[in-house]
Each structure stands twice: as C-alpha cells, then as structure tokens.
Number of protein chains: 2
Amino acid sequence: MGEKMISSIAELIADRIGSMPAGERRAAQTLIASYPMIGLKTVAEFSAAAGVSSPTILRFVARLGFQNYPEFQSSLQDELAAQLQSPAIRTLNPPSPGGTASPMLEATLDNMRETFRHLSDRQLADIAARLAERRGKTFLIGGRFTDPLARYMAAHLAIVQPDVVHLAGQESMWRDRLIDMGKRDVLVIFDIRRYQDSLVRFAEKAHQRGVQIVLFTDQWLSPIARFARHVIAGRTAVPSAWDSSAALFVVAETLIGAVTRQLDANGARRIREMEGLR
Amino acid sequence: MGEKMISSIAELIADRIGSMPAGERRAAQTLIASYPMIGLKTVAEFSAAAGVSSPTILRFVARLGFQNYPEFQSSLQDELAAQLQSPAIRTLNPPSPGGTASPMLEATLDNMRETFRHLSDRQLADIAARLAERRGKTFLIGGRFTDPLARYMAAHLAIVQPDVVHLAGQESMWRDRLIDMGKRDVLVIFDIRRYQDSLVRFAEKAHQRGVQIVLFTDQWLSPIARFARHVIAGRTAVPSAWDSSAALFVVAETLIGAVTRQLDANGARRIREMEGLR
DNA sequence: GGAGCGCTGTATCGTATGTTACGTATTTTG
DNA sequence: CAAAATACGTAACATACGATACAGCGCTCC
C-alpha cells in the first residue's frame, strides 16, 4: 500500500494543491470554493471566475491526471450523480435515531422517498385519470418477478371497473391477445432489469396498434420507455442479492387509491353490488 | 394569482408534459428519471439516452421556454447549486408543506416503521432460518388481494432453493395438496381482512398435519394466527378505500434477502447454474 | 378516403469551445 | 548578478457541439 485512498476530486485537489504553481492554485481554490459547480461550466467561465487564463485551467486539470477537460467534467458529474442518488449517504448517515436496525428497511424507505420525489402529483393524477376513464380496456402484465405486482393491481382495479385484464401464463397466450387491443386501450407493464425481451417485443407491437402504455420500471428505464406514454421510474437498490420492487408497489397502491377515488360515484355502487353477489 | 408557481424545471416539465408530442415526452421522462444529470450532458448524449434525435431534444428545451440549450443547462446548474447549498430544502416536487407530497406515501412509510418496530430482528432471523433449512417443502398461498405477495415471494425463493410451491388457482386444486404436506414442511400464508374462510380452513387442516405455518396478516390478526408458528403483523391503514399491503411486502422482501444470504454458499451456485440454463 | 397539418429524423451549417504553439514575464540557481 | 528554467497569457487552430433547413411520415379532420 502506501497509496492514499482518493475517492473524490476534491480530495485529489487537496492532496496536490501544495505542489501547484500560483495560477493553478487559484484555479483549485476557486473550484473548491463553490464545489463542484464551477467545474461544470466552460473553461472560459472557469478561468474568468478564477482570474486566470484558459490554458491555466487546462494545465490544472491535466495536473490532476485528466486527459482533457471533458473527461474532468464527466468525473465531476459522476460524483454528483452518486451523491444525488443515495440520500442516505448525503446526510452523513445518522443511522436512524431511535430505531430500526435493518439497513434493508432504511434503504427501502429511502427508495420510496426518492421515487416519489421524482414523481409529480400531476403525473400520478394524469395516469389515474387515464385509467379511470372507461373508454377501452385495461391490460396489465409484468416480468418474471414483477408479474405479481401486475396481478395485485389488476385484482384491485377489476373490482372498481369492468374490462380489466391481467395477462398471464405462457407468452403465446398473451401475445395473441394483441388482436383485441386498440387505441382506446391502456396497457400497464412492469419491467425492471434485466428487462425481458418478450415484454419489449410485446410492448412494441401493442404500441404499434396504438395502445397507450403505462410503464413501471427502475431508474435505468426499460427499453419499453421508448413506447410508453407514461413512465414511472422506481428506485430498486437495496442491500440484498435482489432488487426491491417495494417502491413500485407503493406507487401502484397509490394509483389504485387514486383511480378508486375518481370512480367514486360509480365505483362505490359497483363495489356494493359486488358485495351483494358474494 | 391564478398563475402556478413554477420554481424548478422539474415542475415546469410536470406541468407541460401533458401537452407534449411523443418524442419530446420521452425526452422529458428520461430527464425526470435521472434528474437532472442527463440534462447536464451534451445534446447528443441526452438524445441517445432518450432514444430520440438531437433536434427533438432541442425542441423539447425550446418548449420549456429556453432560448437555447446552454441556457437550459445553466438553469439546471443554478438549481443544483441552490440545492447543494441548502441540503435541507430538497424541493424537487411540489413543495407540499412538511415534506413529501402524498399523504398516502406518508401513511405507508409510517406503517412500515411501525410494522418493523413490532418485529424483532430475532423473529425475522428465526423465520429466515426456518425457510432456509432444507428439510421439507415450502408452500405459499395468499388471499384475494394478497396472493400476489405469495407469488412474489415464491418466485424468489424458488430460485435459491428447490421444493418451493405456490398454491394457486381453484380452491379445490390446492386443498388436495394437503396430502403432500407434513411436519417437515412450511406453509407461508398471507391473509388480511376480510379474512377468507377458505384460507382459515386450509390453515387449520395443514396445522393438524403438523405443518409449520408462517402467517403474514394485519394488525388485527387473522384467525389463522391461532395455528401459526410465526405471525407477522403489518400495518395496513392508509387514506384510501383499500388497505395497504406495502408493509407486508417489505417484510417479505426482507425475508427473501435474509434467506438468500443464509443459503449463500449453495444458493449462489444454484443461481449461477440457473443463469446457465436460460 | 383524401387533403392538410404537425411531428420527427437526416443532413448540413456556423460557431463556441477546448486545445496547442509560441513569446514574454517571473522566478530560481550557480 | 547573470543565465536558465519554469510559469503564464495571447493568439491562432481544429474539433465537436448546438442549431437549422428540409423532407418523409403518420395522424387527424373533413
């Protein structure tokens, strides 16, 4: 060993700022002062802010070990992205005061907050409205591990409105159902990585038929996003061998609730009728 | 007033995404999914990530009211800078006093914390150990709305170990499976109110045959609790017409993770083998 | 079923941006 | 104090990036 652990560019700078000439040191200090925003701007702006010339900025990033300025910027962006994605780390991780030991639970709660943070009320309302308006049918389908979510949602929706179909079983089974689908219909798809080819193909064909697609996926977006009218990107990372679908589950429940509320007038009566039939 | 307060680009997008053509909507969704990092990259990268062409990205930012792409990027950077300076104010979403927007989400998060508060690590570990030891078979079954949870758990467990059976379909189908069950087996049941008679009867018979029962239920406890070896009581109350199974879902995921970890030595090899078979 | 409109991608263009060469200033060393 | 080495900025350069013109296509509305 003997090598220092350098995990961020800020540390890298702190490590080498001692052996820098005056101009580059000014660049370093300027960057640290409003880290890392200045580094994301152009060389010209950076140099102006630091009160040095452009080449000095370039020599500065070269000294840090980067081949060129864009490479340096990419590094900064990656660092930022990592920070933004894990809110737990950002707060310097106070491991939940009075509480839960399980890191699994903590991660799951974070995932949910983060998922909803990227999900506007407006978008949820739009989707709920689309699901509630009874023009065509509603189809639901999921991948290997997410199919239960489709099932769960279908089970609830089918109670408050007719024409809700969960596509299950053999691929050949539901592929043939395409023929029943048209532009008045909605297809709800659950697909997290590894994204399933069969689902992608299915989504594409449905899209070609004019079906509106609502996609539940992870933050890396299934390729189906290309065809989707609405995309819900849930966080899935947890300290486990598996990805977590819990955030998507909660979004699904939220939607179920919203749709039910919208259908209240008709839906309530429908539910009562159903009760009577049991 | 009458004019909406738009304080972030994310809100701006949420506000206008409804009136965007398909291509630009894909751009919007891609940006929201990993907000705001993609927007800081070049038009080419952005367009590639969204699966559209460069002009579509430019039309997208134009529709948001920006004169050109650099101006759009500057806005994103300013927003980021403001966020980084005051980590407390993390308003990406409609501000909604007191934190997250949806009361539904708040209730769900509370439910989870509460559920885990009443659930000792010890108990979870015991259940995981019982599920991991391969003496007999593992059966899973659920009620009308909770069957998808059983399915979800079965789908995962079946990968790390053999002899995992999800009991589905007609009642008559799985009732007959009782004959295969013995005291070396485990039966995982999901049952929240209204508790289903058929499930209760099934649990009772299984119990008589010496099957160990793990019960996922709500805080009022299904009658099956009488026969269960382990009871997991999840909170289900949310501001909706429906009960929420989200807390139980998270417990299920936690258990899946724990079992997988325990089986690591064997399980990992098994997973690899399975990958090979696909 | 046909005409019109709007959306989208391809190809081209201009330019802002990063990069490099070179000359001058400043510091360092014998 | 002189001479060399290093650092820095000015100016010219090349590339890659954003912007635009245009044509093809699908969709909607008569």
Q) Can you find a side-chain donor-acceptor pair between A:Arg144 and A:Gln196 that sits under 3.5 Å? A) no
Q. Between A:Asp243 and A:Arg193, is there a salt bridge with N-O shorter than 4.0 Å?
A. yes
Q) Hey, does A:Trp242 have a side-chain heavy atom less than 4.5 Å from the side chain of B:His156? A) yes
Q) Is any side-chain heavy atom of B:Leu109 closer than 4.5 Å to a side-chain heavy atom of A:Phe116? A) no
Q: Would you kindly give the CD-to-C1' distance between A:Gln67 and C:dT19, to the nearest whole Å?
A: 13 Å
Q) Relative to the ring of A:Phe46, is the ring of A:Tyr69 parallel (under 30°), tilted (30 to 60°) or perpendicular (over 60°)? A) tilted
Q. Within this structure, what is the CG-to-P distance between B:Leu40 and D:dG18, rounded to whole angstrom?
A. 12 Å
Q: Check the distance between D:dA16's P and B:Glu45's CD and give it to me in whole angstrom.
A: 13 Å
**Q.** Interatomic distance, B:Glu71 CD vs D:dA19 C1' [rounded to whole Å]
**A.** 14 Å
Q. CZ of A:Phe46 versus C1' of C:dA16: gap in Å, rounded?
A. 19 Å
Q: Measure the shortest side-chain to side-chain distance between A:Phe249 and B:Ser245 over non-hydrogen atoms and say whether it is less than 4.5 angstrom.
A: yes
Q: Calculate the interatomic distance between B:Leu58 atom CG and C:dG9 atom C1'; express it in whole Å.
A: 13 Å
Q. Between B:Phe60 (CZ) and D:dA19 (P), how many Å, whole number?
A. 14 Å
Q) Can A:Glu171 and A:Arg201 be counted as an ion pair, charged N to O under 4.0 angstrom? A) yes
Q | Ion pair check, A:Asp218 and A:Arg235, cut-off under 4.0 Å | A | no
Q. Once you round it to whole Å, what is the distance between C1' of C:dT17 and CD of A:Gln73?
A. 10 Å
Using the 3.5 Å cut-off, write out each protein N or O paired with an N or O of nucleotides 5-12 of chain D and the distance between them.
residue : atom : partner : partner atom : Å
D:dC8   : OP1  : A:Ala22 : N            : 3.2
D:dC8   : OP1  : A:Gly23 : N            : 2.6
D:dG9   : OP2  : A:Ser53 : N            : 3.2
D:dG9   : OP2  : A:Ser53 : OG           : 2.9
D:dG9   : OP2  : A:Thr56 : OG1          : 2.7
D:dG9   : N7   : A:Arg59 : NH2          : 3.3

Q | Axis deviation across the helix from C:dG1-D:dC30 to C:dG30-D:dC1, five-pair ends, to the nearest 10° | A | 30°
